[in-house]
Amino acid sequence: MDKATTHSESLTVAKFGGTSVADYAAMSRSAAIVTANPETKIVLISACSGVTNILVELANGVSDSTTRQQRIQTLTQTHQDVLDQLQHPENIQDAIYGLLDNIATLAEHAASTTSAQLTDQIVSHGELLSTHLFSQILVELNAPAVRVDIRPIMRTDDQFGKAIPQPDTIKQLATEQLLPLLDNNIVVSQGFIGSNSQGVTTTLGRGGSDYSAALIAEAVNASTLEIWTDVPGLYTTDPRITSAAKPIKEISFSEASEMANFGAKILHPSTLVPAVRQQIPVFVGSSKAPEQGGTWIRQSVEEAPLFRALALRANQTMVTLTSLNMFHAYGFLAEVFRILAEHKISVDLITTSEVSVSLTLDQTDTGGGAPTLPLQVVEELSQLCVVDVEQGLSLVALIGNQMSDTKGSAKDIFGALEDHNLRMICYGASPHNLCFLIDEDEAKDVVRTLHASLLE
């Protein structure tokens, strides 16, 4: 039996999000979840809640030194509060203060010149800090915790801000550097961050912690991936939109992938790809209330209802390209996509008519906000067609099973929405979803209406 498979019988990789490691109390709850399961051998965690947002702000360049000091003071206080409650803060405080000093120096650089590479370097500090605190809490619970820097293992390309991981290399590096530690230790490491072949720090884009955890689970042949967040699993829709949202106990990989892709906050769109490749069951639960259970995401499930859930994604940008030459012409779409590909513009949804094509832009980088079409791309496309860019839109997606094959399902859906102006409807390409754009200010109403008529 090779080393890579020795642990796979009963190896759990657990990932804890920012709210699960927000402060000492949250970290202690999460540490108790780790120690309660002897199969949990690798723990990946996010930055403490709110830290990444401050680091992104500093990375974008804060020229006013007083404001910069205030932000760094907030960061210092967040981590000092945890240090103050440890039995042996002296074990890690030099490392913590060193990282905080580092942030201050880098933030000063960013105040004069910013870059995607510098942003990744600054933003990565959130995870580097939280893992020192979390591993010390485990040690104080008498757990054999060891903190490992994930960057030499999580190999990516060098697209700073949304780096693309290299699973084969990650597997090789994890086999060499992680697996030997698992016999006698619980490894605590970072989600979200990695490095390129030169060892320069990269990040996997917002929400990339879950993806990191799935890649590591794949690399070590884990038997389970647990994602601990602040809600007990996946719901039929965001419970903040409607209190009628119900928990989902079990869901298939294909449905969950659609939910993640269309904005279900709990899952990062890429998370499930490595888990699906290796058929690793994924559990999503709340670190605040582990006793409430959660959602199991598996290859196949016992129940596959016609309508399963609704997802909402804000900050959508719709680009409509209209060409009078497109009528009966060939090559127009090919040319459009050649230009987009050349500039690494990722397209999400697409609908076409005889003379126009509408598409939405994918948003995955660390910066947040609505995606935009760079000026150079607009100029190149304008030589082909009229370019119209529209923002202030939200995407609503209905997730289910065999929807496009089931007679009458479209009538149920569109009948409930007769009072709303739907844009860019995409239906039929996947049996698991129907989606459309709607004005941002109507989006939550639409979700509530659909939920009431189809899921309650």
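- Residues Thr242 and Thr237 have side chains in contact (heavy-atom distance under 4.5 Å, counting atoms from C-beta outward).
- By the 4.5 Å heavy-atom criterion applied to side chains, Val347 and Leu340 are counted as neighbours.
- Side-chain N or O atoms of Arg448 include one that pairs as donor or acceptor with a backbone N or O of Ile241 at under 3.5 Å.
- Of the possible donor and acceptor atoms, one in the side chain of Thr295 sits under 3.5 Å from a partner among the backbone N and O of Ile248.
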- Message: Run Asp149 and Gln190 through side-chain contact (heavy atoms from CB on, under 4.5 Å) and show every step you take.
- Response: CA-CA 7 Å; Asp149 189 333; Gln190 304 82 23; 3.9 Å; yes

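- A donor atom on one side chain and an acceptor atom on the other are not found under 3.5 Å apart for Thr201 and Ser124.
- Between the NZ atom of Lys15 and the OG1 atom of Thr229 there is a distance of 6.5 Å, given to the nearest 0.5 Å.
- In terms of modelled atom types and a separation under 3.5 Å, the side chain of Asp157 and the main chain of Ala163 share no donor-acceptor contact.
- Taking both residues in full, the closest heavy atoms of Met403 and Tyr427 are given as O-OH, 3.0 Å, listed atom of the first, atom of the second, then distance.
- At least one donor-acceptor pair under 3.5 Å links the side chain of Ser223 to the backbone N or O of Leu11.
- The closest side-chain heavy-atom distance from Thr119 to Thr203 is not below 4.5 Å.
- Applying the salt bridge (Lys or Arg N to Asp or Glu O under 4.0 Å) rule to pairs touching residues 291-308 yields Glu250-Arg298, Glu255-Arg308, sequence neighbours excluded.
- Side-chain N or O atoms of His432 include one that pairs as donor or acceptor with a backbone N or O of Gly400 at under 3.5 Å.
- Between Ile345 and Leu361 there is a side-chain heavy-atom pair separated by less than 4.5 Å.
- At a threshold of 4.5 Å between non-hydrogen side-chain atoms, the residues Ile137 and Tyr24 count as touching.
- Leu99 contributes atom CG, which lies 5.0 Å from atom NE2 of His132 (distance to the nearest 0.5 angstrom).
- Put simply, the side chain of Glu390 reaches to within 4.5 Å of the side chain of Arg423, judged on heavy atoms.
- Counting only heavy atoms from C-beta outward, the side chains of Ile216 and Ile153 approach each other to under 4.5 Å.
- No side-chain donor from either of Arg29 and Ser287 sits under 3.5 Å from a side-chain acceptor of the other.
- Separating the CD1 atom in Ile193 from the NE2 atom in His125 is a distance of 9.5 Å, to the nearest 0.5 Å.
- Across all their heavy atoms, Val43 and Ile186 have their closest contact at CG2-CG2, 3.9 Å.
- The heavy-atom pair separating Val282 from Ala275 by the smallest distance is CG2-CB, 3.8 Å.
- When only modelled atom types and interatomic distance are considered, Thr12 and Thr40 share no side-chain donor-acceptor pair under 3.5 Å.
- A donor-acceptor pair under 3.5 Å is absent between the side-chain atoms of Ser30 and the main chain of Val21, judged by distance alone.
- Between Phe16 and Trp228, the ring planes lie parallel to each other; the angle is under 30°, not in the 30° to 60° tilted range.
- Separation of atoms CG (Leu204) and CG (Leu215) is listed at 7.0 Å; rounding is to 0.5 Å.
- Of the possible polar contacts, none joining the Asp439 side chain to the Asp441 backbone as a donor-acceptor pair under 3.5 Å is found.
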- Query: Checking side-chain contact (heavy atoms from CB on, under 4.5 Å) for the pair Ser394/Leu312: CA distance, chi angles, key distance, verdict?
  - Reply: CA-CA 7 Å; Ser394 286; Leu312 176 63; 3.9 Å; yes

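- In this structure, Leu272 and Ser257 approach most closely via the heavy-atom pair CD1-N, 3.5 Å.
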- Worked check of side-chain hydrogen bond (donor to acceptor under 3.5 Å, both in side chains) between Glu57 and Asn53: CA-CA 6 Å; Glu57 185 189 346; Asn53 289 339; over 6 Å; no

- Checking side-chain contact (heavy atoms from CB on, under 4.5 Å) for the pair Val200/Phe160: CA distance, chi angles, key distance, verdict? CA-CA 10 Å; Val200 181; Phe160 299 102; 3.8 Å; yes

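- In plain terms, the two heavy atoms of Val188 and Leu138 that are nearest each other are CG2-CD1, 3.6 Å.
- Using a 4.5 Å cut-off on side-chain heavy atoms (C-beta onward), His79 and Val51 make contact.
- Applying the side chain to side chain contact (heavy atoms under 4.5 Å, CB included) rule to Ser197 yields the partners Arg155; only residues at least two apart in sequence or on another chain are considered.
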- Item | Test log, rule side-chain contact (heavy atoms from CB on, under 4.5 Å), inputs Leu310 and Thr236 | CA-CA 6 Å; Leu310 283 155; Thr236 48; over 6 Å; no

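- A search for side chain to side chain donor-acceptor pair (under 3.5 Å) contacts involving Arg277 returns Glu218, not counting sequence neighbours.
- The backbone N or O of Asn315 sits less than 3.5 Å from a side-chain atom of Glu440, completing a donor-acceptor pair.
- The closest donor-acceptor contact from the side chain of Lys246 to the backbone of Leu455 lies under 3.5 Å.
- Gln383 contributes no side-chain N or O that, together with a main-chain N or O of Leu381, makes up a donor-acceptor pair within less than 3.5 Å.
- In summary, Asp168 and Lys171 do not engage in a salt bridge, as defined by a charged side-chain N under 4.0 Å from a carboxylate O.
- When all heavy atoms of Pro274 and Tyr211 are compared, the closest pair comes out as CG-CE1, 3.8 Å.
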